Amino acid sequence: MQTTSATTPVIDLHQVTKTYGNGKLEVTALTTVDLVVERGEFVAIMGPSGSGKSTLMNIVGCLDVPSRGRFSLDGVDVRTLDEAALAQVRLRKIGFVFQSFNLIPRTSAVANVELPLTYAGVKPKERRARAMAALESVGLADRADHGPSELSGGQQQRAAVARALVSDPALLLADEPTGNLDSASTAEIMALFARINAEGRTVVIITHEDEVASFAGRVVRLRDGRIQSDERRRPAGGAPILHEVAR
């Protein structure tokens, strides 16, 4: 794999198009999308149903590949990778957080957090130490031995965030991470994402909620498979700047 530097974008999509099917049944989900996310950004990707945001998430998460165009993740051109190499990129460079938490039932929080390290072949003692440190970072160390059924929704999502962080990924990628949470837990989780980003982590969230997107420093809106707008916000107190993208 290519080496990366502090100036290498975490996400770099150039003229990315994604189609499904062929002939009369061909459906285009993304059309010539250009998107660069620099290291340390906090980006919310929004759009109505059918806008292409789920397809974009799958490509950014290396769960799918473009039909045309180029996508590099943390300096790695995914076009050069086979399935085994893509799996390694997902494991080492991306921390996933999902709406449904995806914790293993009847397994402790710390064991759930250890999972990515188990797949990466990290030795048990180091796995446990790193998992406990990750739980500590999300304020859940005192619940390490509790199973998912013994945790609230907000606590389950914090455990999922710890699991996403434990392998020190280049990108934290969250798909509707507050969709199963009440308003208080939503605010708690989004404040956690904001803190993680403030510590230097690149965060990308897929959401349809303006309240959730308001925590991000940049909001990208999709419509009909194209980027409709890309809003880069100034530091606190500054007016937002809106860059409209030609359609």
Side-chain angles (χ1 to χ4, degrees), residues 8-39 41-83 86-87 89-90 93-100 102 169-179 193 202-233 240-247:
T8 302
V10 174
I11 295 170
D12 187 358
L13 297 105
H14 177 68
Q15 296 288 287
V16 165
T17 294
K18 182 63 183 181
T19 57
Y20 297 98
N22 54 67
K24 293 182 179 180
L25 299 178
E26 185 174 276
V27 174
T28 300
L30 292 176
T31 303
T32 58
V33 169
D34 290 314
L35 179 66
V36 175
V37 176
E38 303 291 349
R39 202 168 304 277
E41 283 199 86
F42 187 171
V43 181
I45 296 176
M46 304 188 73
S49 178
S51 63
K53 65 180 186 295
S54 293
T55 301
L56 181 59
M57 188 210 74
N58 287 339
I59 289 175
V60 168
C62 295
L63 299 168
D64 203 349
V65 295
S67 302
R68 293 186 295 279
R70 174 180 53 80
F71 168 48
S72 294
L73 176 67
D74 198 31
V76 177
D77 186 341
V78 301
R79 295 176 301 179
T80 66
L81 306 179
D82 59 20
E83 281 298 324
L86 275 175
V89 167
R90 289 193 295 269
K93 290 188 175 290
I94 307 171
F96 291 96
V97 180
F98 299 100
Q99 176 177 337
S100 57
N102 287 5
L171 171 66
L172 188 63
L173 181 59
D175 183 18
E176 300 284 1
T178 63
F193 279 124
T202 307
V203 179
V204 173
I205 289 181
I206 312 297
T207 183
H208 66 278
E209 299 181 60
D210 287 321
E211 179 185 1
V212 169
S214 70
F215 284 82
R218 179 181 175 191
V219 178
V220 176
R221 295 181 186 271
L222 298 179
R223 182 173 292 276
D224 299 329
R226 299 176 185 268
I227 293 180
Q228 182 182 42
S229 64
D230 188 345
E231 177 186 341
R232 296 176 181 271
R233 300 171 177 177
I241 302 173
L242 183 64
H243 301 285
E244 291 294 342
V245 178
R247 301 186 66 183

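Bear in mind the structure is a predicted one, so any value in this text is a computation, not a measurement.
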K.L.:
To the closest 0.5 Å, what do you measure between CG (Leu173) and OG1 (Thr202)?
P.N.:
11.5 Å

K.L.:
Taking the side chain as every heavy atom from C-beta outward, state whether Thr178 and Glu209 have any pair of such atoms under 4.5 Å apart.
P.N.:
yes

K.L.:
Looking at Arg79 and Asp77, is there a salt bridge between them, counting it only when a charged N and a carboxylate O are closer than 4.0 Å?
P.N.:
yes

K.L.:
Taking atom CG of Asp12 and atom CG of Leu73, what is their separation to the nearest 0.5 Å?
P.N.:
10.5 Å

K.L.:
Walk me through it: do Ile11 and Val36 pass the test side chain to side chain contact (heavy atoms under 4.5 Å, CB included)?
P.N.:
CA-CA 5 Å; Ile11 295 170; Val36 175; over 6 Å; no

K.L.:
So how far is it from Arg39 CZ to Leu171 CG, rounded to the nearest 0.5 Å?
P.N.:
10.0 Å

K.L.:
Does one side chain, of Gln15 or Asp34, offer a donor that lies under 3.5 Å from an acceptor on the other?
P.N.:
yes

K.L.:
Using only atom types and a distance under 3.5 Å, with no angle test, would you say the side chain of Thr17 pairs donor to acceptor with the backbone of Thr32?
P.N.:
yes

K.L.:
Of all heavy-atom pairs between Pro169 and Gly95, which one has the smallest distance, and what is that distance?
P.N.:
CB-N, 3.5 Å

K.L.:
A side-chain contact here means heavy atoms from C-beta on lying under 4.5 Å apart; do Val10 and Glu38 qualify?
P.N.:
no

K.L.:
Would you find a donor on one side and an acceptor on the other, under 3.5 Å apart, between the side chain of Thr28 and the backbone of Leu30?
P.N.:
no

K.L.:
With sequence neighbours left out, which residue pairs that include part of residues 42-53 fulfil the salt bridge (Lys or Arg N to Asp or Glu O under 4.0 Å) condition?
P.N.:
none

K.L.:
Does atom CG of Asn22 have more than 12 heavy-atom neighbours, drawn from other residues, nucleotides or ligands, at distances under 6.0 Å?
P.N.:
no

K.L.:
Pair up each side-chain donor or acceptor in residues 54-61 with any protein partner under 3.5 Å, not counting sequence neighbours, and list the distances.
P.N.:
from, atom 1, to, atom 2, distance (Å)
Asn58, ND2, Ser54, O, 3.4

K.L.:
Asp64: what forms a salt bridge (charged side-chain N to carboxylate O under 4.0 Å, His left out) with it, not counting sequence neighbours?
P.N.:
Lys18

K.L.:
Test Val33 against Ile227 for side chain to side chain contact (heavy atoms under 4.5 Å, CB included), laying out the working first.
P.N.:
CA-CA 7 Å; Val33 169; Ile227 293 180; 3.8 Å; yes

K.L.:
Could you tell me whether the side chain of Phe193 reaches within less than 4.5 Å of the side chain of Pro177, counting heavy atoms only?
P.N.:
yes

K.L.:
For the CD atom on Glu26, are there more than 12 heavy atoms of other groups (residues, nucleotides or ligands in this structure) within a distance under 6.0 Å?
P.N.:
yes

K.L.:
Contact between Leu222 and Met46 at the side-chain level, heavy atoms closer than 4.5 Å - yes or no?
P.N.:
no

K.L.:
What pairs with Phe71 under ring-ring contact (aromatic ring centres under 6.0 Å, His included), at least two apart in sequence or on another chain?
P.N.:
none

K.L.:
Hey, are Glu231 and Arg218 close enough for a salt bridge, meaning a charged N less than 4.0 Å from a carboxylate O?
P.N.:
no

K.L.:
Let me confirm one number: the CG-CG distance from Leu86 to Leu81, rounded to the nearest 0.5 Å.
P.N.:
5.0 Å

K.L.:
Please walk me through it: do Val204 and Glu41 pass side chain to side chain contact (heavy atoms under 4.5 Å, CB included)?
P.N.:
CA-CA 8 Å; Val204 173; Glu41 283 199 86; over 6 Å; no

K.L.:
Over all heavy atoms of both residues, which pair between Val219 and Ala213 is shortest? Give the atoms and the distance, please.
P.N.:
CG2-O, 3.9 Å

K.L.:
Test of understanding: with ring-ring contact (aromatic ring centres under 6.0 Å, His included), list the residues that count as partners of Phe215, not counting sequence neighbours.
P.N.:
none

K.L.:
I'd like to know if Asp74 pairs up with Arg90 as an ion pair, taking the criterion as any Lys NZ or Arg NE/NH1/NH2 lying under 4.0 Å from an Asp or Glu carboxylate oxygen.
P.N.:
no

K.L.:
Does the pair Cys62 and Ile94 meet the rule for a side chain to side chain contact (heavy atoms under 4.5 Å, CB included), with working shown?
P.N.:
CA-CA 9 Å; Cys62 295; Ile94 307 171; 4.3 Å; yes

K.L.:
CD1/Ile205 to CG/Leu172 distance, rounded to the nearest 0.5 angstrom?
P.N.:
7.5 Å

K.L.:
Could you grab the distance from atom OG1 of Thr80 to atom CZ of Arg70, nearest 0.5 Å is fine?
P.N.:
12.0 Å

K.L.:
Under the salt bridge (charged side-chain N to carboxylate O under 4.0 Å, His left out) test, which residues partner Arg68, sequence neighbours left out?
P.N.:
none

